[in-house]
There are 2 protein chains.
Amino acid sequence: MSQSEPTSCHHAPQVNCGDCRLSAICLPISLALDDIAKLDDIVQRGRPLQKGQPLYEAGEDFKAVYALRSGAVKTSTISRDGEEQITGFYLPGEILGLDGLATNVHSNTAMALETSAICEIPFSQLEDLSMKLPNLQRRFFQLMSKEISHEQQLITLLSKKNADERIASLLVSISTRNHHRGLSSTEFYLPMSRSDMGNYLGLTIETVSRVMSRLHKQEVIALDKKHVVINQMDKLRAIASTAD
Amino acid sequence: MSQSEPTSCHHAPQVNCGDCRLSAICLPISLALDDIAKLDDIVQRGRPLQKGQPLYEAGEDFKAVYALRSGAVKTSTISRDGEEQITGFYLPGEILGLDGLATNVHSNTAMALETSAICEIPFSQLEDLSMKLPNLQRRFFQLMSKEISHEQQLITLLSKKNADERIASLLVSISTRNHHRGLSSTEFYLPMSRSDMGNYLGLTIETVSRVMSRLHKQEVIALDKKHVVINQMDKLRAIASTAD
DNA sequence: CGTGTCATTGAGGGACTTCAAGAGTGGTGG
DNA sequence: CCACCACTCTTGAAGTCCCTCAATGACACG
């Protein structure tokens, strides 16, 4: 299995929020140390999710939000005729499951793209805690609004960008998020298949493959299957940013 | 100016929620009579908005949500390079402005497509009131989730549907919403320009025009500028529903 | 009556899809 | 160990759908 985390094993379930390498970008962001301890008390850390296993499914009751500690997850909706539409990819330190917040029912399915360690945060307890910690509550509003603005960016991408711009946008997005997590912004493994990329970006798998090959030939990126090295970040950004 | 409401003038600012023809589908839905009266007390009814005037703009502080009493409104984001992306059309009885709820800042701009009468509901007071009226609070969660699922449907449309399916989907959507408001589901005026339709659906204005003409020639719809009559609803739905 | 805006229609071209074949990879079992 | 299979990915050739460019028409407004 390809692995983007060579530093150490992050699947160990015994880590707590205070020690977690991701605390700076995850839910505990801007919380005081003893507040993190309180959050820590309600976080449940289950066994890792294997590739292809669902974290939650569309239609399920909303019971918790989830923080991704390692691995990668995709979220998707299934339209009436059974076709999948991927709505997002999630990387370590990111929070998912908020799609159920409004109705108490998840509208999306979340599925592991590779073996993933996940912190589960039961929402009832989180609600109580966030009453006491205004910073935590603010963080949740931020997250919800981030979800919405992400969707609107995706709409703009699908509505206005060509294939090159779409692919470049996705690569820049992953790069930026990796950088944010303290990882390399120029070298990483794509956690999703070409098919998932195409589904997400509104392209066929062949077009995804062709564009990636083209970027490789132009030496904007180096490419070996899922391993990506960005050689010319400025150029990639230029391609991506016919708008964000 | 073309007008889809020949029955009576709905721009009169003095109407209250209890008397409003739209109370069955608007915010007061499922509220008891005296609860509607409470809601009524905080609703502000300003002078009508003229075509092209903004109701709120991206970046503005979120102070209120709005109920559309007559007319039509579009919401849109402006991407970095200045291009507009329309994210929704709103018809009488529908609520807008929730895009600011998460961050207290609007992420979209809302603009009148034709002369529109609008009820403004200051959010601070609405918050207080919804504490006391659980049905009202539930209604708000519904509305937020509706916004999210609308965006996800738009994503699927942009990602998977061809031009005919996109146009048909929009027509069916407007038809359904008109029916819901007690108006004709088969005959109505489009409140937006071809350009706005194209922007929203990710198509050029020429393609919009061609598809509309084609549907006309196939006698699925009758068409005179913005006036639409749906002759074969089943056929239109069939075209639209390669998924919803 | 000219001017500007919006919409329609046609011709041509381009970007992406579809169809098809083949290469590379991982897993299973003889 | 390698043959076999399933699966993913790549690459090419052909086709199609939509866009671009352009001209014209319809209508409102000064």
Side-chain angles (χ1 to χ4, degrees), chain A residues 1-3 50-52 72 74 83-84 86 111 113-115 157-171 189-218 221-228 239 242, chain B residues 1-3 50-52 72 74 83-84 86 111 113-115 157-171 189-218 221-228 239 242:
Chain A
M1 192 80 325
S2 65
Q3 203 51 3
Q50 296 302 315
K51 176 176 177 173
K74 69 172 173 182
E83 271 206 281
E84 178 183 28
I86 296 175
M111 188 153 104
L113 291 168
E114 48 189 55
T115 305
L157 178 147
L158 291 170
S159 179
K160 305 236 192 303
K161 290 189 179 183
N162 66 25
D164 287 29
E165 293 164 354
R166 294 183 197 195
I167 297 285
S169 294
L170 179 58
L171 293 177
Y189 284 86
L190 293 171
M192 73 292 284
S193 67
R194 298 288 192 267
S195 166
D196 281 341
M197 292 177 68
N199 184 302
Y200 177 69
L201 297 173
L203 301 170
T204 59
I205 180 174
E206 294 95 330
T207 302
V208 172
S209 186
R210 271 184 261 268
V211 172
M212 299 281 279
S213 298
R214 199 181 311 149
L215 289 173
H216 188 188
K217 263 177 210 124
Q218 295 168 346
I221 62 173
L223 190 61
D224 181 34
K225 291 159 210 158
K226 302 198 165 178
H227 181 230
V228 173
I239 296 171
T242 317
Chain B
M1 193 75 328
S2 64
Q3 202 52 2
Q50 295 303 314
K51 177 177 179 173
K74 70 172 174 183
E83 270 206 283
E84 178 183 29
I86 297 175
M111 187 153 103
L113 290 168
E114 48 188 56
T115 305
L157 178 146
L158 291 170
S159 180
K160 304 233 193 303
K161 290 189 179 185
N162 66 26
D164 289 28
E165 293 163 355
R166 293 183 198 196
I167 297 284
S169 295
L170 179 59
L171 293 178
Y189 283 86
L190 293 170
M192 73 293 283
S193 68
R194 298 286 192 268
S195 166
D196 282 340
M197 290 178 69
N199 184 301
Y200 177 68
L201 297 173
L203 300 170
T204 60
I205 181 174
E206 294 95 328
T207 301
V208 172
S209 187
R210 270 185 260 270
V211 172
M212 299 281 279
S213 299
R214 199 182 311 150
L215 288 173
H216 189 186
K217 262 176 211 129
Q218 294 168 348
I221 61 173
L223 191 60
D224 179 36
K225 291 158 208 158
K226 301 200 166 178
H227 181 230
V228 174
I239 297 172
T242 318

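Residue numbers begin at 1 in each chain, while the letters A, B, ... track the order of the sequences.
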Rounded to whole angstrom units, what separation is found between the NE2 atom of B:H216 and the C1' atom of C:dA7?
15 Å

Round to the nearest Å and state the distance from B:L203 atom CG to C:dT8 atom P.
14 Å

Could you walk me through whether B:R214 and B:Q218 pass the side chain to side chain contact (heavy atoms under 4.5 Å, CB included) test, one step at a time?
CA-CA 6 Å; B:R214 199 182 311 150; B:Q218 294 168 348; 3.8 Å; yes

Using 0.5 Å steps for rounding, measure from the CG atom of A:L203 to the CZ atom of A:R166.
5.0 Å

Tell me, with the steps shown, if B:D164 and B:R210 meet side chain to side chain contact (heavy atoms under 4.5 Å, CB included).
CA-CA 10 Å; B:D164 289 28; B:R210 270 185 260 270; over 6 Å; no

Find the distance A:N162:CG to D:dC19:P and express it as a whole number of Å.
13 Å

Classify every nucleotide of nucleotides 7-16 of chain D by which part a protein heavy atom approaches to under 4.0 Å, writing B for the base, S for the sugar-phosphate alone and - for neither, in 5'-to-3' order.
--SBBBB---

Closest approach of B:G52 and B:M111, non-hydrogen atoms and distance?
O-SD, 3.3 Å

Can you check the B:L201 CG to D:dC19 P distance for me, whole Å?
11 Å

What nucleic acid atoms does A:G202 come within less than 4.0 Å of, heavy atoms only: base, sugar-phosphate, or nothing?
sugar-phosphate

Side-chain donor/acceptor of B:S209 to backbone N/O of B:I205, under 3.5 Å:
no

Separation of A:N199 atom CG from C:dT17 atom C1', in whole Å?
15 Å

Specify the residue among A:T204 and A:D224 whose closest nucleotide of DNA chain C lies further upstream toward the 5′ end.
A:T204

Enter the distance from A:L190:CG to A:L170:CG here, rounded to the nearest 0.5 Å.
7.0 Å

How close or far is atom C1' of C:dG24 from atom NE2 of A:H227, stated in whole angstroms?
18 Å

Could you tell me how far apart A:D164 (CG) and C:dC16 (P) are, to the nearest whole angstrom?
7 Å

